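So the structure is just underneath, and the comments pick up after that.
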2 protein chains.
Amino acid sequence: MSGLAKLSGVDISTVSRALNDSPLVNGKTKDHILKLAHETGYAINARARNLRKQSSQTLGIVIPVYPGSHQNLSDPFFLEMIAAVSQAAAKFDYDLIINLPNSPSEIAERRLLLSGKADGLIVIGQAGRIERLRSLGDAADRVVVWGGMIEAADYTLVGSDNFEGGRLVGEHLKDIGRHRVVFLGDIDLPEVELRYNGLMSVWNGDSADTSVKHVRSSFDGHEAYRQTLALCEGTESFDAVFAASDVLAIAAIHALQSKGLRVPEDVAVVGYDNIGQAAMISPGLTTIDQNIKLGGEILVNTLIDKIAGNPVRATLTPTKLVIRGSTVGG
Amino acid sequence: MSGLAKLSGVDISTVSRALNDSPLVNGKTKDHILKLAHETGYAINARARNLRKQSSQTLGIVIPVYPGSHQNLSDPFFLEMIAAVSQAAAKFDYDLIINLPNSPSEIAERRLLLSGKADGLIVIGQAGRIERLRSLGDAADRVVVWGGMIEAADYTLVGSDNFEGGRLVGEHLKDIGRHRVVFLGDIDLPEVELRYNGLMSVWNGDSADTSVKHVRSSFDGHEAYRQTLALCEGTESFDAVFAASDVLAIAAIHALQSKGLRVPEDVAVVGYDNIGQAAMISPGLTTIDQNIKLGGEILVNTLIDKIAGNPVRATLTPTKLVIRGSTVGG
DNA sequence: TAGCAAAATACAACCGATTGCAAAAATCAC
DNA sequence: GTGATTTTTGCAATCGGTTGTATTTTGCTA
């Protein structure tokens, strides 16, 4: 910048104002400086600017996908969420630092915020992090969490309506006459529990020939595959599987088919997320669309509001059922 | 930091040295300062440190997945690559800024580098960016590209051996007696062309009853699905499909099955990438494993070497065939 | 053309760390 | 105990912008 100042014969403060399009500088001067800046390929030094402005124009996104934990590293849901958040942040000229902690004990959240590397933080999922999120103190002002609505949270939550999603699936299964449902997922996770509760709400007070069986599985497809195989080898019969994610549902379909069961004739399968692959397997996967793109936008809008000091409340994104061949084909 | 200095009664320069574990400060003084820092939850201000040290301990990763372009936003390959790079970077205490440009014209590369937001840049894929990468000038010293080895590149390339991957697939198809192969992908992309050439190399000089047909498809699963359907409706017969990615292969299987063709009995299908879902569809997908985890590590190691001023050369990562039911099941 | 307001520019402090060098304190040798 | 070393600490410049305030220039009015 001092180089530009010499070139154009003005003070660096004027150069700075020109580059920031301040109304304080004369139009001609501004044009001249901008032309020089363009010609020399000058780019403002973000490090100096960040220090002075006490901001880094960067948000952080933390996705806990540590091995052996609750989530599978290759679940496309995350990529779609990253893309949605990234593009929403770009609209505000924010960059995005991505952090995928290797272990539950990593403390990237605090570090990113307190060091000023990120102005705010988006955390995807509450699993195993609720206490830590609660302990953020003041820094919680600059954190937004994607997850199911739980009352105990004193941080800001954004998420789809997991209960409603579960309920929609229940209604659909009821509509197509399925009564013996397997719920595949880990209801110890808040989001999954809500989906389960939504599902159950449909059958409240119904006749005794309906049943919902909970089969615990992490978000890892291989585990879901094994669980489903075991289920087929068991004695209980079932005519529908509702999985807590599309990855689990796809694995379940694979397991069912390998056991000679037809989807959806013998067993209807429903997933959750509506990832790209859901439409591209055979049969197509009926699933819940959380509208991840909108979710990402709301996360970013909410976070930027919080950073600006505006109070914000929890937000639900719309949730809808996408019906494909895994429930009504055949 | 000045707060810590007052608390401990020493100069901030001593505090700085203590926090950086400099041998210049007395052991007792150091312990005392560290204890205070811990108690007060102090974190070094990265913005000030970055400015002074002329480095930001941050790498950038650019993934061109703009809509309508060559790649599908939900391709799990990218997520696995992001995870691999992120974890490799973390080992060197680097953070990772992720950039998913919306359009081919975005110039995040230059901005991130020249503004100093990132010390170096990893670009995933050369598609549509070759000229731009060439025009980086000095900044090319801090860029590493994941992609197929092409001679014209004057930037540093890291990638798996795409030719060898294609060759391995060819050998395998030959072994199982398939002769009429459809190659599904866009050979205008350097990586895909190499895979295609590898495949072709197997049949060089063979008898006339073998054929390889190129069906152009972007990396979008929906397009591959339509192309495969059209293929089934065409007159040419084929007994194998080699797709340029697993996402395409999965879509192709879906299309084949929906047309009543059996995989692998009627048509064998091979993918590329070995994403998590490849093992979880029915039948399991035979595919090429690029060892993305290792690839991410090499990308980061190479980039950090370049940043340090060490000359580095292009690197190939190992490539291997993973055989599953989509070619030898049934 | 003087006088005053408005516009444009320059000056200088500041953001919060790092680091070369000077100064002070501690240790050692004799 | 004194001088020479070695440790340890403090001082002050520096990184490269931004911004409040002072100053200069320009433009307008009478």
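Remember, it's a predicted structure, so these values are computed and weren't measured experimentally. Just so we're on the same page: letters track the sequence lines, and every chain starts at 1.
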Next on the checklist: If the condition is side chain to side chain contact (heavy atoms under 4.5 Å, CB included), which residues does A/Ala118 pass it with, not counting sequence neighbours?
Outcome noted: A/Leu112
Checklist entry - Within this structure, what is the CZ-to-P distance between B/Arg47 and C/dA17, rounded to whole angstrom? => result 11 Å
Next on the checklist: So B/Leu294 and B/Pro318, do their side chains get closer than 4.5 Å, heavy atoms only?
Outcome noted: yes
Checklist entry - Any side-chain N or O of B/Arg49 less than 4.0 Å from the OP1 or OP2 oxygen of C/dT18? => result yes
Checklist entry - 5' to 3' on DNA chain D, which nucleotides open and close the contacts with chain B (atom under 4.0 Å from a heavy atom)? => result D/dT8 to D/dG16
Checklist outcome for this item: Between CG of B/Asn45 and P of C/dT18 the distance, given in whole Å, is 9 Å
Item to check | Within 6.0 angstrom of B/Arg111 CZ, more than 12 heavy atoms from elsewhere | outcome: yes
Next on the checklist: Does B/Gly3 reach a base, just sugar-phosphate, or nothing at all? Heavy atoms under 4.0 Å.
Outcome noted: nothing
Next on the checklist: Could you work out, with side chain to side chain contact (heavy atoms under 4.5 Å, CB included) as the rule, every residue matching B/Leu316, not counting sequence neighbours?
Outcome noted: B/Met149, B/Asp161
Protein N or O to nucleotides 19-22 of chain C N or O, pairs below 3.5 Å:
from   : atom 1 : to      : atom 2 : distance (Å)
C/dG20 : O6     : B/Arg17 : NH2    : 2.7

Next on the checklist: If I take atom CE in residue A/Met1 and atom P in nucleotide C/dT9, what distance separates them, rounded to the nearest angstrom?
Outcome noted: 15 Å
Next on the checklist: Regarding B/Lys293 and B/Glu80, does a basic nitrogen lie under 4.0 Å from an acidic carboxylate oxygen?
Outcome noted: no
Next on the checklist: For A/Asn20 and A/Ser22, which I'm curious about, is there any donor-acceptor pair between the side chains at under 3.5 Å?
Outcome noted: no
Checklist entry - Does B/Asn20 put a side-chain nitrogen or oxygen below 4.0 Å from OP1 or OP2 of C/dT18? => result yes
Checklist entry - Side-chain donor-acceptor pair under 3.5 Å between B/Gln87 and B/Glu297, yes or no? => result no
Item to check | Option among A/Asp305, A/Ile307, A/Leu299 that satisfies the side chain to side chain contact (heavy atoms under 4.5 Å, CB included) test with A/Leu303 | outcome: A/Ile307
Checklist entry - the helix from C/dT1-D/dA30 to C/dC30-D/dG1: angle between its terminal axes, five pairs each, to 10°? => result 40°
Checklist entry - Checking side chain to side chain donor-acceptor pair (under 3.5 Å) for the pair A/Gln57/A/Asn50: CA distance, chi angles, key distance, verdict? => result CA-CA 8 Å; A/Gln57 283 292 305; A/Asn50 290 346; over 6 Å; no
Next on the checklist: How many whole angstroms separate atom CD of B/Gln54 from atom P of C/dA17?
Outcome noted: 17 Å
Next on the checklist: I'd like to check the side chain to side chain contact (heavy atoms under 4.5 Å, CB included) partners of A/Asp141; sequence neighbours left out, ordered by chain and number.
Outcome noted: none
Item to check | Separation between NZ of A/Lys117 and OG of A/Ser56, rounded to the nearest 0.5 Å | outcome: 9.5 Å
